[in-house]
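Notes follow the structure.
All values reported here derive from a predicted model rather than from experimental measurement. Letters go in sequence order (proteins before strands), and every chain restarts at 1. Just so you know, these numbers use all the heavy atoms, side chains as well, and skip hydrogens, waters and symmetry mates.
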Amino acid sequence: MKVSVTNQLQCVRDVVNPYNQFSENPPVLYTWVVMQLPKAYQPSDHEQSVYEMWEQSGAFQPEMESGKEPFSIIMPPPNANGSLHAGHLMFVVEDLMTRYARMCGRSALWLPGTDHAGIETQFVYEGVLAKQGKDRFDLGPDEFYRQVMAFTQESQGTILDQFRSMGFSADWSRLKFTLDQDVIDVVYDTFQRLHQDGYIYRGNRIVNWCPRCQAAFADIELDREEQQNTLYEIDYGPVRIATVRPETIFADVAIAVNPEDERYKDLVGTHATIPVVDREIPIIGDEYVDPEFGTGALKITPGHDPADYAIGLKHQLPEISVIDFDGNLVNVPSDFAGLSVTEGRERIVEALKEAKVLRETTDYTHAVAVHERCNTVIEPLISQQWFLRVQELNQPVIEAIENGDIAFHPERFKKMAVDWLRQERDWCISRQIWWGIRIPVYYKTSHDPDKDSYIIATSEEEARDYYGEGNYQQETDTFDTWFSSGQWPFATLMNTGENDFQTFYPTTVMGTAREILHKWVTRMIMFGLYRIGSVPFEHVYLWGLVTDESGSKLSKSKGNYGDPMEITNQYGTDALRMALTHSNTPGNDSPLGLKQVEAMRNYCNKLWNVARFILSQVDETYTPDDPQPENLADRWFMSRLQERIKAVTGEIEQYRFNEAADSVYHLLWNDFADWYLEASKRQVNTDMLIYGLETMLTLSHPFTPFVTEAIWQQLPWRGDMLITAPWPEFGKEDWEAVSEFMELQTVITGIRGVVAELGIEQPPLYHQQEELLEQNGELITLLAPVSTCQSVSDGRGLPVPGTTVTCWLDVGEDSIQKYRDNLQKSLDETREYIRGLEQQLNNSEFKHNAPKEVVKDTQQRCEDARQRAQTLSEQLTQLGEVE
RNA sequence: GGGUCCUUAGCUCAGCGGUGAGAGCGUCUGGUUUACACCCAGAAGGCCGGUGGUUCGAGUCCACCAGGACCCACCA
């Protein structure tokens, strides 16, 4: 007989459950079927079919026009050509939030997309070309774009399949790509408006040039790399300067000194001479110069240093370029022309030595800027680029953040975002990358002096309308990828469905890595406010890196990079998801260890087995009724469930997903499995068990969607799917039951401790008409290693420690004496504890200032402790008598 | 140079001002309990980095110090 569960899951909605196959046969006890299920949860048996069921059912698509409150997250688009890596793992919290919202009855949309990943993909494809002995210049921008597009479309599926295997409940029917024409149109429109409003300009400015990529990059795309260099001190006639870049002396236009510097004060206004070429340059005064550093005199090279560029502008100095786009020297004496920067440096140092102007060299370690993608040293140089003036545009962003229009989780990133926005300089938005969105600009080759030198146009016809007939050249530069992805929230929603933008903008949450707070998050807010007039999201949830257990970043080169797919294959996707959620605190790195994943695999298995046990308690005709607590354990567990539902709900709402995961974990393992399930072996309350199971599955679903749904599909009375089942509501808590059951737990734990410590076998337990024990004797004999639980008129034996309930274990005399010390110690500790509490209670200021509940609580605590101490001491006295 | 975070059990980390400080893993002891050995029961293990301060009350808030991680920045 086939009992494979997964085969049953193919039908969507009208799910077949394992009973149906017996329906024409004589009734078969469900217990029997359940016991045929594997003892251990096998993720691979379920994940694919469960996912297919969800996807085919349309559960990932939000219910539109339902009047439901919308909830939306725009997924940070992964590289269309890439595969799943550590950087995507925290997306599980977005799935978690989406699933939670969906279960709460909201119209939930998690909108996925993929990114063309300009530079990265261009690199990859250039590699492909290199194997054919070609480079991109052999193809030209248009052909190159065409080929990369084909390449991307071919490999796009991988990452999406992997996201599916992670259980991501994104609405794939709305999938967008950053180079979709409708997205590009939105970006063009924004560019047009920004230009009209005067925020865009084209100009010769100093930029961060990567000779490797043949492109300019924004400051934020650079990394710093420590480099060992030499600081050269060189005589420039009357002053001596210090530099690490002697090869740029040909581009010097001035020497700057601090005007307060006594040594050089008088030289300001006179001239210095560039050695080797013997060119005279002015000596100027500027506060920027630090008299303490080097010689206190700074050579000014506006063409090749950003700081010098700023000084040059201030003093209206000329700009000389001596390094070309390949990083070679140009416009220099023929001895140096064509040399690379490094060779040029060596050659000029020799020349300086010969000229006897090189005075001193010192080793110097400093940070040089390198391109974050290829690690090539950046050459600052002047080139013509497109810029966006951001200061004014950032103003409303700062206000929105400070007003709290956007809530940051954790909050500290609010300040970081604002600080960055305040100091951001004009943003160079043009890239000499070909795989990207072409800047919509045309130039007329012979341009009419009465008209602009360029025209914003998306096609040549448009340009022609303005300029008339002639030869046109299209701008080959593309937009910085962040210029377009900054518009992603609305560029997507405007093009995914008729009412999507109206319904889901502003989106609810943006969840992303904290490292792109500046690059992406602040810019999305900026574009949202500029284009739409409202923020693009109401909450920002930021996470750090997923690292290995020692806190190192996961990387292939470090060898600690496990393919996440290997982990999910071995332990199951739920285990990885739960481990990630559990080990992540907002804003911080998450060390992910396999031990943790294993522990969560065990959690999934525990869930599976709890279900197996409970299902074995019902027969196939069972239909659940409202749970009615019948005994103390029922009442306690019912109360405990209410409390936990409330807690988990609150924790999720407050973005404390790790705590929510922890709550769910312990609810299952400790409360449900260790206590309630064990207790219910005495008296089965089926409705309670089922209510507990269903609640447990629901609470756990956002964390571990597969196993919970797989179990849900086993519930014969259920024809629906857990993914769209309602999130549980919580009712009243029963404090009396809680406190009574907890006392019982204390007694049981106390007995277990004593018995284990002494290594004895099931002694009888005696008490003197203790109501709690009298009513729960059977439960105690079931859960604690005692042979019986009896009321006696004259109790004797070893008192059970830690409880106010007076009871004794009937053990041998030597055992009692052996344990006496433990009891004495316990008594001493309790007395010490009481002393502390009394001290506090006697403090009039405490009574005066502390909230009433706290005082009352403290009194209660003290009272309980006194009672325990009294019980203990009486019992010890009795023991003494025995002795 | 500016900023942020971290420092709690052997390891990795939670801990939202309220009082004997928690988890997972690891260690030790004992278990062939038909839900689960991916298990059960028990135990050991902490001056919560240091010094001050605020408070009736501090692991939690503030200041400084020490060590570590990261982000930003135009000292050549």
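- Looking at heavy-atom distances under 4.0 Å, A/Tyr603 makes no contact with the nucleic acid at all.
- Along RNA chain B, the nucleotide nearest A/Asn602 and the nucleotide nearest A/Asp308 are compared for position; the residue whose nucleotide lies closer to the 5' end is A/Asn602.
- A/Leu677 comes within 4.0 angstrom of a base, heavy atoms only.
- Counting non-hydrogen atoms under 4.0 angstrom, A/Thr243 reaches the backbone sugars and phosphates but no base.
- A salt bridge does not link A/Asp419 to A/Lys414: none of the charged nitrogens lies less than 4.0 Å from a carboxylate oxygen.
- For A/Lys39, the side-chain atoms get nearest to B/rC36 when compared with the rest of B/rC36, B/rG24, B/rA76.
- Within 4.0 Å (heavy atoms only), A/Arg224 reaches sugar-phosphate atoms of the nucleic acid but no base atom.
- Aromatic ring orientation, A/His366 versus A/Tyr364: tilted (interplanar angle from 30° to 60°).
- Distance from the side chain of A/Arg412 is smallest to B/rC5 among B/rC16, B/rA35, B/rC5.
- In this structure, B/rC25 forms a base pair with B/rG10, meeting either the Watson-Crick or the G-U wobble geometry with both donor-acceptor distances under 3.5 Å.
- Among the nucleotides B/rG20, B/rU4, B/rC5, the one closest to any side-chain atom of A/Asn588 is B/rC5.
- The base of B/rU19 is paired with the side chain of A/Gln840 by a donor and an acceptor separated by under 3.5 Å.
- Within 4.0 Å (heavy atoms only), A/Val289 reaches at least one base atom of the nucleic acid.
- In this structure, A/Pro380 reaches neither bases nor backbone, as no heavy-atom distance under 4.0 Å exists between it and the strands shown.
- Between the side chain of A/Glu659 and the base of B/rC16, a donor-acceptor pair under 3.5 Å is found.
- Residue contacts for A/Ala599: at a heavy-atom cut-off of 4.0 Å it reaches the sugar-phosphate backbone alone, with no base atom in range.
- A cation-pi arrangement is present between A/Lys681 and A/Phe613 under the rule of less than 6.0 angstrom and at most 45 degrees off the ring axis.
- Rounded to whole Å, atom C1' of B/rG3 lies 13 Å from atom CG of A/Leu517.
- Contacts of A/Tyr665 with the nucleic acid, taken as non-hydrogen atoms under 4.0 Å apart, involve only primed sugar atoms and P, OP1 or OP2.
- Here A/Arg601 lies in heavy-atom contact (under 4.0 Å) with a base.
- In the set B/rU4, B/rG15, B/rG20, the nucleotide with an atom closest to the side chain of A/Glu829 is B/rG20.
- In terms of position on RNA chain B, the residue among A/Arg752 and A/Lys681 whose nearest nucleotide sits closer to the 5' end is A/Lys681.
- Looking at A/Thr858 and A/Lys856, their side chains never bring a donor and an acceptor atom within 3.5 Å of each other.
- Here B/rA63 sits opposite B/rU51 as a Watson-Crick or G-U wobble pair (both hydrogen-bonding atom distances under 3.5 Å).
- Taking 3.5 Å as the limit, the base of B/rC36 and the side chain of A/Tyr41 contain no donor-acceptor pair of atoms between them.
- B/rC70 is paired with B/rG3 under the criterion used here, namely a Watson-Crick or G-U wobble arrangement in which both key atom distances are under 3.5 Å.
- In this entry the distance linking CG of A/Asn609 with P of B/rC38 reads 11 Å, nearest Å.
- B/rA63 and B/rA23 are spaced 32 Å apart, taking the P atom of each and rounding to whole Å.
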Working for side chain to side chain contact (heavy atoms under 4.5 Å, CB included), residues A/Lys415 and A/Phe408: CA-CA 10 Å; A/Lys415 189 175 176 297; A/Phe408 282 75; over 6 Å; no
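- Pairing of B/rC56, defined by two Watson-Crick or G-U wobble distances under 3.5 Å, is identified with B/rG18.
- Among the heavy atoms of the strands lying under 4.0 Å from A/Arg868 is at least one base atom, whether or not backbone atoms are also near.
- For A/Arg682 and A/Trp675, the positive end is not near the middle of the six-membered ring at less than 6.0 Å and at most 45° from its axis.
- Counting atom types as modelled, A/Arg514 pairs no side-chain N or O with a base atom of B/rC70 as donor and acceptor under 3.5 Å.
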